[in-house]
Amino acid sequence: ITIGLITGKSAEVSTALVESAKSGVNHAIGMAGVVAMWSGIMRLAEAEGLLDILTGKMEGLIHFLFPHIPKGHPAETYISLNFAANVLGLGWAATPAGLSAMEALEQLEDERRAKGRPAAAPGTASREMCTFLIINVSSLQLIPMTVIAYRSQFGAAVPTAIVLPGILATAASTVAGIIFVKIMGRRP
């Protein structure tokens, strides 16, 4: 803005600011709609037992990554759904499940404290929470739908050209995240 004012391009700066604000509002509204839709789909899938099937399919992976979550705990379901949404590149859809997973993991810590078992101090992230966050942020994606949609929206010649680099980058970040979590998990 300062450079634009100094160089006498205040009209272009004003136009860019208005267009950026308009674009930001459009993206925010679109994101809110997608999050609401996937939250509803998650509730329907939960009511129909589909989340239990998904959790069952991912049980081995979940228990490898989160050995301290008891079998059948609600956190398993939300973590499984979050992972599935991230693998499909639906980061916006993963958000509601991720928030629910963190709430379930906090409830697990409350249950541990209530039973006098070792637990993270209130207000402190547990190992499971840290593990979930690291893996969620690394976000293995086989089909980066969000990026493909943005590339298409902004006129990329081949919006899907990001698929192979996306798979390689997210696979590397996820493997690095899992190795880090397993090494740090051995520390007291």
Within this structure, what is the [atom1]-[atom2] distance for the pair [X] and [Y], rounded to the nearest 0.5 Å?
X	Y	atom1	atom2	answer
Ile183	Ile178	CD1	CD1	12.0 Å
Arg112	Leu108	CZ	CG	4.0 Å
Glu12	Glu19	CD	CD	13.0 Å
Asn82	Ser100	CG	OG	9.5 Å
Ile62	Glu59	CD1	CD	9.5 Å
Asn86	Ser139	CG	OG	3.5 Å

Can any side-chain N or O of [X] pair as donor or acceptor with the backbone N or O of [Y] at less than 3.5 Å?
X	Y	answer
Arg151	Val158	yes
Thr170	Gln141	yes
Glu109	Ala120	yes

Taking the side chain as everything from C-beta on, heavy atoms only, tell me whether [X] gets closer than 4.5 Å to [Y].
X	Y	result
Glu128	Met102	no
Leu65	Val181	no
Phe83	Ile135	yes
Pro122	Arg113	yes
Tyr78	Leu99	no

hydrophobic_cluster_shared for [Y] and [X], side chain cutoff 4.5 Å:
X	Y	answer
Leu61	Ile79	yes
Leu50	Leu44	no
Met129	Ile134	no

Exercise. Flag yes if more than 12 heavy atoms outside Ile3 fall under 6.0 Å of its CD1 atom; otherwise flag no.
Key: no

Quiz item: More than 12 heavy atoms of other residues, nucleotides or ligands under 6.0 Å from CD1 of Ile1: is that the case?
Solution: no

Self-check item: Candidate pair Val163 and Ile148, rule side chain to side chain contact (heavy atoms under 4.5 Å, CB included), full reasoning
Solution: CA-CA 8 Å; Val163 172; Ile148 291 169; 3.9 Å; yes

Quiz item: Going by distance alone, is a donor N or O of one side chain under 3.5 Å from an acceptor N or O of the other, for Glu76 and His63?
Solution: yes

Quiz prompt | Partner residues of Ser173 under the side-chain hydrogen bond (donor to acceptor under 3.5 Å, both in side chains) criterion, sequence neighbours left out | solution =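 If we apply the side-chain hydrogen bond (donor to acceptor under 3.5 Å, both in side chains) test to Ser173, skipping adjacent residues, there are no hits.
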
Indicate the atoms forming the closest heavy-atom contact of [X] with [Y], along with that distance.
X	Y	result
Thr174	Ser138	OG1-OG, 3.1 Å
Ala75	Leu105	CB-CD2, 3.8 Å
Phe66	Phe132	CE2-N, 3.5 Å

Exercise. Sorted by first residue and then second, give each side chain to side chain donor-acceptor pair (under 3.5 Å) pair with at least one member in residues 178-188; sequence neighbours left out.
Key: none

